[in-house]
2 protein chains.
Amino acid sequence: MATIRDVAKLAGVSVATISRYLNKSGYVNADTELNIKHAIEKLNYLPSVVARGLAGKSTKTFALILPDISNPFFPELARAVEDVASTYGFTVILCNSDGQIGKEKNYIDILKSKNIDGIIFASNTLGQEDVDKLASFNIPFVCLDRAPTDKSCSVVRSNNREGGRLAVKHLLESGSKKIGHIYGPQDLIPAKERLIGYEESVRGFDWFSPSLMVQGDFGISGGIKATEELIRRHPDIDAIFAGNDLMAVGALKALHRMGIQVPGQVVVCGFDGINMTEITEPELTTIAQPIYDMGALVSRILIKKIEGTIEADQIYELDVTLIPRESTKRSG
Amino acid sequence: MATIRDVAKLAGVSVATISRYLNKSGYVNADTELNIKHAIEKLNYLPSVVARGLAGKSTKTFALILPDISNPFFPELARAVEDVASTYGFTVILCNSDGQIGKEKNYIDILKSKNIDGIIFASNTLGQEDVDKLASFNIPFVCLDRAPTDKSCSVVRSNNREGGRLAVKHLLESGSKKIGHIYGPQDLIPAKERLIGYEESVRGFDWFSPSLMVQGDFGISGGIKATEELIRRHPDIDAIFAGNDLMAVGALKALHRMGIQVPGQVVVCGFDGINMTEITEPELTTIAQPIYDMGALVSRILIKKIEGTIEADQIYELDVTLIPRESTKRSG
DNA sequence: TTACAATGTGGTACCGGTTACACATGAAAT
DNA sequence: ATTTCATGTGTAACCGGTACCACATTGTAA
């Protein structure tokens, strides 16, 4: 591998000039520039990002910390993050935290020792300690969904509460008379917000009762269990709003097992807009978050932070959209 | 951030001793060792991987190049790769190539400039040029599914041909009388092998005709189109073996739209064993590859190559397993 | 007693860039 | 004629580690 000194020698100038040429910092004569260009080509020279990083500059790398890339919500997000990263010349390190603070802390240390430029947290467990650590390390970071407790930081999220309202509205319009809700873990802000959106919208109806709200774990099996419980409590229910798509899939499975027709007897609406919703039978109505856009945005924000072209921390709230499909289409 | 020199000063020894302590290379006195340990703790010292990398050592980083993390096959693989990477202290860079050679080449350059230790190719488009480049850069790499044309390299794959046979066997045993096959792009070795497995198994039957084989694109929509074509050609078909799960999902969709009962009239079997097969209605029978194991293995192999504890290049072929589900369960 | 190995430690060049600083040149301004 | 400034380039210290080599000291075999 050729080094900057090889190039300097071949081009007949000093390394400083090469460096200036490479970084477009300082003056370089037009002729010299040409010489350098040729030398670089001839030697097939590629500057070492590692050396650059050691010299105190950017390593052109950031990390994406998420609970689990196997969770269908994250691949699309990761794809978006990586897409914009790569157009800006950045490279993305993938970290699965499983939502464990320990793993996260561990990653932060490793990442720091690798001099990465920043971190995107799509994880739900960003604790105060983590944030302090990041701050002390002076690593830029951006969060998805959840703002750290007290520290200011940019956050990208979607309008979950409005999504909850949207779901209820749609279910009502499609003729539902009694709507249950399967909510996700309440330590997750989005789950909480969706629940609030639901509650706000149904509170006024006389059919409403708190027992229409059942907790799930944001997974398929949790959706199944919660649905069973919900039907047990309220056999006369005719609509289920699940706090996320995986639980909605679970609801579909549970209802199918119980011989309850969807959308004939009960209609189901999910939340997130993951691809999986298109392959269920019936296809799943969902409140879609703009997952790709969120990933792209969060990535762009981080890069701007890294490059110092961004001012204040800010909360970016994106709109959700109703995607009506078979699972809420009542024939009547 | 404390440096090795800070630690040296505090511990009252030279940097060389600290380095020896850190790398467990050479002699360090027990007392000195204790001093160093304390100094490190006190200063909260973390060795810089970047500096280490520049000094010619490992950057403890490798890349996973795959077509698209959004493709449901890859998240699980990526997860496995990252899991074993992280237990060995490695960090994984995620690269989406979209199967484009240009992007791949680009990544290789960038990765080289970052001094990464190795690459896992889960991409199908590893060209000769890429391989040459890797060889000239002296970057260890391991491939998934596909061996590069002439260069020797370790490959992890599963027994696709046997999987094809297994599928046909299962479909026959479940009472199928005429089995069609939707095969994937023939430039992908696994698709080809599965087709061969199918062909070998059905060639002998009098119902077999080459028109029972239709090409798909390994995607859902391709599966839909191919299924429509297949049914048009052979309305009397009673079983479909799709070359991968996504196309099998497409087949399910297409058949449902055409009002054809699964498994009542036509049974369907997929290939891969992605999670999605559990959420279709009916649940999809599939020939499962040990995706997680493959990822874990390929990751382990690469790390061994990097650490130099592996000898020759080798092909690792893993077994596939039939997972019988609703979609091939004939009531009769 | 001498020779030699094992143990323990320090000095420092080097990895491949960046950048502060010094220094030159020529043109324009005073 | 002198100052000033824009342009252009080189020298060398530095980033934070690694590792080669030199140099002690001590124990032990010849």
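Note that the structure is predicted; figures quoted are calculated from it, not measured.
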query: Quick one: do Lys105(B) and Asp109(B) make a salt bridge, cutoff under 4.0 Å?
result: no
- prompt: Using 4.0 Å as the upper bound for N to carboxylate O, is an ion pair formed by Arg300(A) and Asp293(A)?
  reply: no
Looking across every strand, which nucleic acid part, if any, lies under 4.0 Å from [X] by heavy atom: base, sugar-phosphate, or nothing?
{"X": "Val28(B)", "value": "sugar-phosphate"}
{"X": "Thr3(A)", "value": "sugar-phosphate"}
{"X": "Tyr21(B)", "value": "nothing"}
{"X": "Ser25(B)", "value": "nothing"}

- prompt: How do Arg20(B) and Pro47(B) order along DNA chain D: which one's closest nucleotide is nearer the 5' end?
  reply: Pro47(B)
Among the nucleotides [options], which one has an atom lying closest to any side-chain atom of [X]?
{"X": "Thr17(B)", "options": "dG17(C), dG8(D), dG10(C)", "result": "dG10(C)"}
{"X": "Tyr27(A)", "options": "dC15(C), dA6(D), dG17(C)", "result": "dA6(D)"}
{"X": "Val13(B)", "options": "dG10(C), dT18(D), dG17(C)", "result": "dG10(C)"}
{"X": "Ala51(B)", "options": "dG16(D), dT19(C), dA19(D)", "result": "dG16(D)"}
{"X": "Ala16(A)", "options": "dG10(D), dG10(C), dT18(C)", "result": "dG10(D)"}
{"X": "Val15(B)", "options": "dA19(D), dG10(D), dG8(D)", "result": "dA19(D)"}
{"X": "Ser14(B)", "options": "dG10(C), dC15(C), dT9(D)", "result": "dG10(C)"}

statement: 5'-most contact on DNA chain C (nearest-nucleotide basis), Ser19(A) vs Gly12(B), goes to Gly12(B)
field: Pair Asn115(A)-Thr59(A), side-chain donor/acceptor within less than 3.5 Å
entry: no
message: Could you check whether Asn23(B) and Ser19(B), counting side-chain N and O atoms only, form a donor-acceptor pair closer than 3.5 Å?
response: yes
task: Please state how far atom CD1 in Ile18(B) lies from atom P in dA19(D), giving the value in whole angstrom units.
output: 15 Å
statement: Rounded to whole Å, the NZ-C1' distance (Lys57(A) to dG17(C)) equals 10 Å
message: When you measure only distances, ignoring hydrogens and angles, does the side chain of Arg5(B) come within 3.5 Å of the base of dG16(D) through a donor and an acceptor?
response: yes
- prompt: Is NZ or CZ of Lys305(B) both nearer than 6.0 Å to the six-membered ring centre of Phe141(B) and within 45° of the ring axis?
  reply: yes
